[in-house]
Peer 1: 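I'd like to ask some things about the structure below.
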Amino acid sequence: MGKDVIVACDYPDRETTLNFLDRFEGSGVKPFVKIGMELFYAEGPDIVREIKARGHRIFLDLKLHDIPNTVKKAMAVLSRLDVDMCNLHAAGTKRMMEAAIEGLTRPDGTRPVLLAVTQLTSTDQEALENDLLIHEPIKDVVMKYALNAKESGLDGVVCSPLEAGEVHGVCGNGFLTVTPGVRFAEGDAGDQKRVTTPERARELGSDYIVMGRPVTAAADPVAAYMRAMADFVG
Ligand code: C5P
């Protein structure tokens with residue numbers, strides 16, 4: 001897998017999602033698609049099979065976090081669904097992450113790419129200290145969780161493009177950084193606090209960018225996607 005743009009299909013149902021993907025028919029491109037909890041819980045595994053059958057690669061963003069045995073069994077199900085990428089919370093501990101890798105690995109030794117969420121970007125230093133009783137600087141927590149993920153055999157983390165360089169410094173350049181919070185220079189940031197353009201994300205070393213609304217809400221989503229690809233991948 002190389003540098004790529006992943007389109008977040010944050011839609012409530014199958015019909016809206018497929019109508020969006022239909023816009024790409026005949027364009028010659030099949031975007032890498034992210035399916036999140038909303039769509040997956042609404043439509044179940046069939047939506048994954050259907051989008052996969054249309055030829056898209058899929059990042060299933062379900063952020064698993066449970067006891068190791070439960071995560072291992074759930075990951076085996078996702079592996080059989082043939083997703084290309086999936087994720088979990090590094091806070092579940094190294095034992096949980098190792099169990100996830102075991103569950104995800106198919107009899108032939110192949111498996112989907114597995115990423116860790118370190119700390120959610122909605123968690124700030126205050127919440128870390130007051131709610132979670134973690135008194136280290138949030139940046140150190142993010143890097144420690146990234147390293148735990150690497151040591152557990154995971155392939156990378158979901159993080160801000162602004163953290164990509166440091167994650168690579170700590171975990172190596174081969175450790176993937178998949179980064180949301182990307183906007184075109186003239187775009188509306190929406191609820192994203194710290195945003196980066198696709199060009200800047202490339203300069204900062206992101207391996208994959210995740211873009212939702214700048215593509216899904218564009219008047220011409222195919223043109224917006226092609227622009228992101230040109231800016232990020234070249
Ligand atoms: O529409 P937008 O480009 O903001 O979508 C970004 C996608 O990435 C959404 O699916 C969002 O849930 C996800 N995401 C994020 N920030 C994180 C982790 C995931 O925006 N830290």
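Remember, it's 1-based here, ligands and their atoms both numbered in the order they're listed. Numbering starts at 1 and runs along the sequence shown.
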Peer 1: Can you tell me which residues line ligand 1 if we count any heavy atom under 4.0 angstrom from one of its atoms, in chain and number order?
Peer 2: Ala8, Asp10, Lys34, Thr121, Pro180, Arg183, Gln192, Val210, Met211, Gly212, Arg213, Pro214

Peer 1: Do the side chains of Glu98 and Arg95 get close enough for a salt bridge, i.e. N-O under 4.0 angstrom?
Peer 2: no

Peer 1: Members other than Leu204 in its cluster, when Ile, Leu, Val, Met, Phe, Trp, Tyr link by side-chain heavy atoms under 4.5 Å?
Peer 2: Leu162

Peer 1: May I have the list of side-chain donor-acceptor pairs in residues 66-74 shorter than 3.5 Å, sequence neighbours left out?
Peer 2:
from  : atom 1 : to     : atom 2 : distance (Å)
Lys72 : NZ     : Glu102 : OE1    : 3.1

Peer 1: Please check if any side-chain donor atom of Thr16 sits under 3.5 Å from a side-chain acceptor atom of Asn19, or the reverse.
Peer 2: no

Peer 1: Whether Arg80 and Asp82 form a salt bridge (side-chain N of Lys/Arg under 4.0 Å from carboxylate O of Asp/Glu) is what I want to check.
Peer 2: no

Peer 1: For Phe232, what residues pass the ring-ring contact (aromatic ring centres under 6.0 Å, His included) criterion, not counting sequence neighbours?
Peer 2: none

